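Everything numeric here is computed off the predicted structure, so don't read it as measured data. Numbering of residues begins at 1 and proceeds along the displayed sequence.
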Amino acid sequence: MRPAIHVLEHVSRVAPLGIRFRDEATGAWINEGLRVSAFPVGQPALRRESVVNRSGIHLLMNLPGLRDLEFGGEHAGDDVWWATLPSRRPYTVEVHDSLDRFLSCSFRAQLPHRGLFSLDCVASPPSPLSPPAPSVPLFSAPTRQSAVPMAVVRAELWDTKAKAPAAWALVEVTSTGGVTARGMTDERGRLALFFSYPAPVDFAPGSPVDASSLPPGPPLLEQTWPLQLRVHHDYRAPGTAPPDVCTTLSQPPAGVWADTGSPQALLEPTLRYGQELVLRTQDAPASRLWITPTGSPP
């Protein structure tokens, strides 16, 4: 007969931060290959690395200044515990992809944070494929390769006002149907914006609703779609720290040069199925896409 088990003490532990990451291009959850760390703002030497649980959530624990709260007693994590917490503390979170699929990024978080973390500056995901749960977006790196057919827009952005690569610029592409995809340039102004192809064009706009009597549309390899492209940029020297997600998403609009004549607020290039769309300013040196910031940060 086994002896009775006497519980001497209950130990509860609360993770100050839990994050799920999603691919901005596909909406898929990303957990493998990421190096996630956090540290008190301005003290990177005190950083701690995350651990990933079975649900693919990155947990940040043992953070300087929060360890006593993690082991907050028997009722740690319940409603009363959260309601009586002292003031939260600001931390910087940095994300790096060891597989070179996504750009490095950073963001601020007030900790401890209850539930899964999301950024206030990120509205509902722009793609219908994106999951609704709280998450932080990851933007494609120029080195990314896709295992499935996806539309790709590439460019090397050049800031004509700063006379430097347009590092960490935000690029938006709106396709037929009004679906908008977002991408970010790297520290050298290079862009790789992946998104799902728009629906094939089966018949001309204005045709009858009953398409069964209409001739079929062009073959898939001949399908084309008009795009609307906008750029947002406020020059910042690349530096060594990864860009802040909220700073990137809040940049003012920039003019885009179709040719060396003058900048425009909007470009309307054409996407062809199976072909990467490479954007460049006509007659510009080094095949760059010229941009010029036209506003100031909000």
Side-chain angles (χ1 to χ4, degrees), residues 5-24 28-122 131-139 141 168 184 187 238-249:
I5 297 177
H6 298 280
V7 178
L8 300 179
E9 183 180 10
H10 288 280
V11 178
S12 298
R13 186 176 186 181
V14 178
L17 181 61
I19 317 171
R20 293 191 82 170
F21 295 93
R22 63 175 172 83
D23 181 355
E24 178 74 7
W29 298 124
I30 304 297
N31 48 63
E32 296 181 353
L34 299 182
R35 303 195 319 272
V36 183
S37 62
F39 52 86
V41 171
Q43 302 180 67
L46 299 180
R47 75 174 65 240
R48 297 290 186 273
E49 303 286 336
S50 71
V51 295
V52 185
N53 66 14
R54 294 181 179 179
S55 299
I57 297 173
H58 284 259
L59 303 176
L60 277 302
M61 298 181 291
N62 292 317
L63 295 176
L66 295 180
R67 184 170 175 79
D68 290 343
L69 289 176
E70 290 186 39
F71 297 94
E74 182 178 350
H75 299 288
D78 63 17
D79 291 341
V80 175
W81 186 86
W82 282 105
T84 57
L85 274 179
S87 299
R88 290 169 172 77
R89 304 178 184 181
Y91 287 75
T92 297
V93 182
E94 292 186 352
V95 185
H96 301 273
D97 180 21
S98 61
L99 301 179
D100 294 328
R101 302 159 297 176
F102 303 102
L103 295 172
S104 298
C105 66
S106 66
F107 51 90
R108 295 283 184 91
Q110 298 289 329
L111 303 183
H113 180 86
R114 188 175 191 179
L116 289 177
F117 181 81
S118 62
L119 290 167
D120 294 337
C121 63
V122 179
S135 58
V136 172
L138 298 174
F139 294 92
W168 317 128
M184 187 195 306
E187 71 279 1
T240 57
D244 181 271
V245 175
C246 289
T247 300
T248 298
L249 296 179

Validation row: [X], [Y] side chains within 4.5 angstrom (heavy atoms):
X: V52; Y: H58; value: yes
X: L60; Y: P16; value: no
X: E94; Y: F39; value: yes
X: L119; Y: C246; value: yes
X: V93; Y: V36; value: yes
X: I30; Y: R101; value: yes
X: R20; Y: P134; value: no
X: P40; Y: R89; value: no

R108 and T92: side-chain contact (heavy atoms from CB on, under 4.5 Å), yes or no, with the steps?
CA-CA 5 Å; R108 295 283 184 91; T92 297; 3.5 Å; yes

State, to 0.1 Å, how close [X] and [Y] come at their nearest heavy-atom pair, and which atoms those are.
X: G18; Y: L59; answer: CA-CD2, 4.0 Å
X: L103; Y: M184; answer: CD1-O, 3.2 Å
X: Q110; Y: R88; answer: OE1-O, 3.7 Å
X: P242; Y: S106; answer: O-OG, 3.2 Å

When rounded to the nearest 0.5 angstrom, what distance separates [atom1] in [X] from [atom2] in [Y]?
X: L46; Y: S37; atom1: CG; atom2: OG; result: 11.5 Å
X: T247; Y: D244; atom1: OG1; atom2: CG; result: 3.5 Å
X: Y91; Y: L17; atom1: OH; atom2: CG; result: 10.5 Å
X: D23; Y: F139; atom1: CG; atom2: CZ; result: 10.0 Å

Go through the steps for S135 and L116 under the test side-chain contact (heavy atoms from CB on, under 4.5 Å), then give the verdict.
CA-CA 7 Å; S135 58; L116 289 177; over 6 Å; no

Is a side-chain N or O of R48 found less than 3.5 angstrom from the main chain of N62, in a donor-acceptor match?
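Side chain of R48 to backbone of N62: a pair is present.
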
Which residues share a side chain to side chain contact (heavy atoms under 4.5 Å, CB included) with E187, sequence neighbours left out
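Testing E187 for side chain to side chain contact (heavy atoms under 4.5 Å, CB included), a comparison that skips the adjacent residues, returns W168, P238.
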
Aromatic ring centroids of F107 and F117 under 6.0 Å?
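Between F117 and F107, which both carry aromatic rings, the centre distance is below 6.0 Å.
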
